[in-house]
Amino acid sequence: QVQLVESGGGLVQAGGSLRLSCAAAGRTFSSYTMGWFRQAPGKEREFVTAISSNSISTYYANSVKGRFTISRDNAKNTVHLQMNSLKAEDTAVYYCAARRFVSIETWVGDYDYWGQGTQVTVSS
């Protein structure tokens with residue numbers, strides 16, 4: 001079992017930056033693939049990025065590639081999402097997710113544990 005808690009969301013102007021954090025409780029955090037998803041009002045939850053358990057592999061949605069960076073610190077059981085050059089269309093609730101298997105996947109159903117989400121609002 002892994003419990004996930006996101007933080008760092010807020011209101012930012014377009015072009016600005018935010019850094020989201022996800023704190024995990026559980027002894028096996030270092031074995032999980034970690035991902036970030038987001039859900040805008042009236043839309044389905046969508047994949048943003050993911051990182052392998054050893055940080056060697058990362059994968060990004062085209063919409064955030066070059067602007068967002070995922071990282072993790074297994075010693076501190078945390079995963080971060082650095083978001084730069086934010087756009088109004090990045091406005092959403094951002095969710096941290098954990099996957100028990102090693103491969104990076106982009107489908108919501110491939111992730112086993114979820115945080116409660118943190119709101120990111122980008123004003124234009």
Side-chain angles (χ1 to χ4, degrees):
Q1 278 278 2
V2 176
Q3 292 80 44
L4 304 172
V5 178
E6 302 95 335
S7 61
L11 174 64
V12 64
Q13 289 188 336
S17 298
L18 278 177
R19 186 177 190 236
L20 304 184
S21 296
C22 174
R27 292 181 294 175
T28 56
F29 171 80
S30 62
S31 67
Y32 287 86
T33 296
M34 298 300 297
W36 286 94
F37 288 74
R38 66 187 182 186
Q39 188 166 17
K43 295 188 177 181
E44 293 186 352
R45 194 169 298 189
E46 65 174 6
F47 173 81
V48 176
T49 180
I51 187 168
S52 62
S53 59
N54 56 11
S55 299
I56 289 179
S57 299
T58 58
Y59 187 74
Y60 295 89
N62 287 335
S63 58
V64 306
K65 199 173 296 183
R67 300 188 298 122
F68 290 11
T69 302
I70 189 172
S71 62
R72 68 188 294 165
D73 185 339
N74 286 344
K76 296 182 179 180
N77 281 16
T78 57
V79 61
H80 302 286
L81 180 63
Q82 178 66 42
M83 305 186 295
N84 299 328
S85 303
L86 283 161
K87 305 175 181 179
E89 50 264 44
D90 294 319
T91 295
V93 176
Y94 283 71
Y95 296 91
C96 175
R99 169 173 163 77
R100 290 176 292 170
F101 301 101
V102 298
S103 61
I104 289 179
E105 303 294 342
T106 63
W107 181 49
V108 169
D110 283 323
Y111 288 76
D112 303 291
Y113 306 104
W114 293 83
Q116 81 291 347
T118 185
Q119 176 70 48
V120 171
T121 303
V122 184
S123 62
S124 57

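Along the sequence shown, residues are numbered consecutively beginning with 1.
Nearest approach of Val102 to Thr33, heavy atoms of both residues: O-OG1, 3.2 Å. Scanning both residues, Leu81 and Thr49, for their nearest heavy atoms gives CD1-CG2, 3.7 Å. For Lys43 against Gln39, the heavy-atom pair with the smallest separation is O-NE2, 3.1 Å. Contact between Ser124 and Ala88 at its shortest, heavy atoms only, is CB-CB, 4.1 Å. Nearest approach of Leu86 to Leu18, heavy atoms of both residues: CD1-N, 3.8 Å. Scanning all heavy atoms of the two residues, the minimum distance from Asn77 to Gly26 falls at ND2-O, 3.2 Å.
Counting only residues at least two apart or in different chains, ring-ring contact (aromatic ring centres under 6.0 Å, His included) contacts with residues 35-83 comprise Phe37-Phe47, Phe37-Tyr111, Phe37-Trp114, Phe47-Tyr59. Listed by first and then second residue, the salt bridge (Lys or Arg N to Asp or Glu O under 4.0 Å) pairs involving residues 68-79 amount to none (not counting sequence neighbours).
Remark: side-chain polar atoms of Ser21 are not paired, donor with acceptor, to backbone N or O of Ser7 under 3.5 angstrom. When atom types are taken as modelled, the side chain of Thr91 and the backbone of Val122 share a donor-acceptor pair closer than 3.5 angstrom. In terms of modelled atom types and a separation under 3.5 Å, the side chain of Thr78 and the main chain of Ala23 share no donor-acceptor contact. Of the possible polar contacts, one joining the Asn74 side chain to the Ser53 backbone as a donor-acceptor pair under 3.5 Å is found. Although no hydrogens or angles enter the test, the distance criterion places no donor-acceptor pair under 3.5 Å between the side chain of Gln82 and the main chain of Arg19.
In this structure, Lys65 places its NZ atom where more than 12 heavy-atom neighbours from other residues, nucleotides or ligands lie under 6.0 Å away.
Proximity of Cys22 to Leu4: side-chain heavy atoms (C-beta onward) are separated by under 4.5 Å at one or more points. Considering only heavy atoms from C-beta on, Thr106 stays 4.5 Å or farther from Glu46 through its side chain. Put simply, the side chain of Gln116 reaches to within 4.5 Å of the side chain of Glu6, judged on heavy atoms.
When hydrophobic clusters are built by joining Ile, Leu, Val, Met, Phe, Trp and Tyr residues whose side-chain heavy atoms come closer than 4.5 Å, directly or via intermediates, Val79 is not grouped with Ile104.
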Please list, one pair per line, the donor and acceptor atoms closer than 3.5 Å that link side chains of residues 93-100 to other protein atoms, with sequence neighbours excluded.
from, atom 1, to, atom 2, distance (Å)
Tyr94, OH, Arg38, NH1, 3.0
Tyr94, OH, Asp90, O, 2.6
Arg99, NE, Ser103, O, 2.8
Arg99, NH1, Asp110, O, 3.0
Arg99, NH2, Ser103, OG, 2.8
Arg100, NE, Asp112, OD1, 3.4
Arg100, NE, Asp112, OD2, 3.3
Arg100, NH2, Asp112, OD1, 3.2

